[in-house]
2 protein chains.
Amino acid sequence: MINKPIPEIVVGRLPQYLRSLQRMAREGRQVTSSQELGERLGISAAQIRKDLSQFGEFGKQGTGYNIPFLIEQIQKILHIHHDWDIAVVGAGDIGSAVARYKGFTDRGFMSGSSLTTIPLRSVRRWESLWCTTMRKSSKLSDNRHPGCYDRRTRLVRQEVADRLVEAGVKAILSYAPISLNVPQGVRVQYIDPSLHLQRMTYYLC
Amino acid sequence: MINKPIPEIVVGRLPQYLRSLQRMAREGRQVTSSQELGERLGISAAQIRKDLSQFGEFGKQGTGYNIPFLIEQIQKILHIHHDWDIAVVGAGDIGSAVARYKGFTDRGFMSGSSLTTIPLRSVRRWESLWCTTMRKSSKLSDNRHPGCYDRRTRLVRQEVADRLVEAGVKAILSYAPISLNVPQGVRVQYIDPSLHLQRMTYYLC
DNA sequence: TAGATTGTTAATCGATTAACAATC
DNA sequence: TAGATTGTTAATCGATTAACAATC
């Protein structure tokens, strides 16, 4: 029997579940149901149960889900039961804002000294970037660099990505409005506010 | 015969097509094909043709798509053939970075004076916010506020959203990690970097 | 026991792809 | 005409929902 891979769309919903559950926990709640969670998120209860059941049996019939327990389970599934290091590439407006962002705490990233900031000036001296990234990574928890951010012209950005990949970075979150080419096994996610806005203007007149 | 509404997922891809086309145009290209566009975006050619055909016939058999023409058409579909005003709510790290962001230019937003920045201090005096938003909006192009950004505690953020809705804002792009409740007819999109990162850590070990 | 809610199956719904006639 | 690529249809694939036995 072959284990089917979990659909990406399911994996993508887990962080949303987690965020809601963490808020409930902060509100002092102990248990919830697929129905309540669904209402908070605008997702059907059936879908939440289906999604969770792909990873195990986390609930109790008649009772629902224990919130702290489910949080822990989802954190393990997402591999964020320990913190990941982040290198923020670029120290301009966006890079600086991200580096100062408080929202990573308790969400699997950047506790204490695990944040590296690399100004673009030094990024452009390739060897130096390479060294910086590697050194930091072995100092902290080897090979862990889920996030990286960058802006600038297209060519530079692709080259930055190339160097990061060479340095062992396995996941890149890019704020730059271009599609990066990365080898198999490296993950990229994009954040482009214009794209979000344009998705909404369609419905406005 | 009833016009089926366009699936949201299709609308969501149009901005991606547009971004690629605009890059091609900047590279001096005149025509492209669904195949080339698909390769650039990692989307099948069939899907691109299917998506575009929902809105009209923009291509020529044997030739492909005229890039400037297709750009114009997609801009019209997305209602970004003219610029929209934006109010950036919050003048902290993120708000400031967004207000200085150069990436909105040529993408339908914030040309010249159409950007309003509202520091959170004044947002919290509700009447004052309400007045500010309305005044600015009538000064510029009435009732057009596709984007708005905000951070802070949960309650404040929901109240900010409420006031913006009252003031006639029809679309909100929120950088805050909470789900906003808005009435029917108001669009909300979210940007939460932690969610993107968590989506990737699942695949890392 | 009665009430509630899970995990799971089967049915439905929707999105993607393959294929090809039309035509530039 | 020959080659290429569209727009569209039908077939495939995958995701969501409804329903319910299991069980707390």
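Worth knowing before you read on, the calculation uses all heavy atoms, side chains too, and leaves out hydrogens, waters and symmetry mates. Chain A is the first sequence line, chain B the second, and so forth, proteins listed ahead of strands; every chain is numbered from 1. Predicted model only: the values in this text are computed from it and were never measured.
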Sugar-phosphate only, base, or nothing, as touched by B:Leu52 at under 4.0 Å among non-hydrogen atoms: nothing
Most 5' of B:Ser34 and A:Gln47 on DNA chain D, judged by nearest nucleotide: B:Ser34
Minimum-distance nucleotide to [X] side chain [options: [options]]:
| X | options | answer |
| --- | --- | --- |
| B:Glu57 | D:dA18, C:dA15, D:dT8 | D:dT8 |
| A:Ser33 | C:dT5, C:dT17, D:dG7 | C:dT5 |
| B:Pro7 | D:dC24, C:dA15, D:dT8 | C:dA15 |
| B:Lys60 | C:dT17, C:dG7, C:dC24 | C:dC24 |

What is the distance, to the nearest angstrom, from the [atom1] atom on [X] to the [atom2] atom on [N]?
| X | N | atom1 | atom2 | answer |
| --- | --- | --- | --- | --- |
| A:Leu37 | C:dT5 | CG | C1' | 14 Å |
| B:Ile43 | C:dT17 | CD1 | P | 9 Å |
| B:Phe55 | D:dG7 | CZ | P | 13 Å |
| A:Leu41 | D:dT16 | CG | C1' | 16 Å |
| B:Glu8 | C:dC13 | CD | C1' | 16 Å |
| B:Lys4 | C:dA15 | NZ | C1' | 12 Å |
| A:Lys50 | C:dT5 | NZ | C1' | 18 Å |
| B:Tyr17 | D:dT6 | OH | P | 13 Å |

Quick one: is [N] close enough that its OP1 or OP2 comes under 4.0 Å of any side-chain N or O from [X]?
| X | N | answer |
| --- | --- | --- |
| A:Tyr65 | D:dC24 | no |
| B:Ser44 | C:dT16 | no |
| B:Arg49 | D:dG7 | no |
| B:Gln61 | C:dA22 | no |

Pairing partner (Watson-Crick or G-U wobble, both distances under 3.5 angstrom) of C:dC24: D:dG3
Pair assignment for C:dA15, Watson-Crick or G-U wobble, requiring both distances under 3.5 Å: D:dT12
Closest-nucleotide ordering on DNA chain C, the 5'-leading residue of A:Thr63 and A:Gln54: A:Thr63
Side-chain H-bond candidate by donor/acceptor type, B:Arg40 with B:Ser20, under 3.5 Å: no
Any donor-acceptor N/O pair, B:Ser33 side chain to B:Gly64 backbone, under 3.5 Å: no
Donor-acceptor under 3.5 Å (A:Gln198 side chain, B:Arg107 main chain): yes
Ring geometry between B:Phe104 and B:Tyr101 (parallel below 30°, tilted from 30 to 60°, perpendicular above 60°): perpendicular
Criterion side-chain contact (heavy atoms from CB on, under 4.5 Å) on B:Leu37 and B:Tyr65, from CA distance to verdict: CA-CA 10 Å; B:Leu37 195 53; B:Tyr65 299 92; over 6 Å; no
Neighbour count >12 (heavy atoms, 6.0 Å) for atom CD, B:Gln22: yes
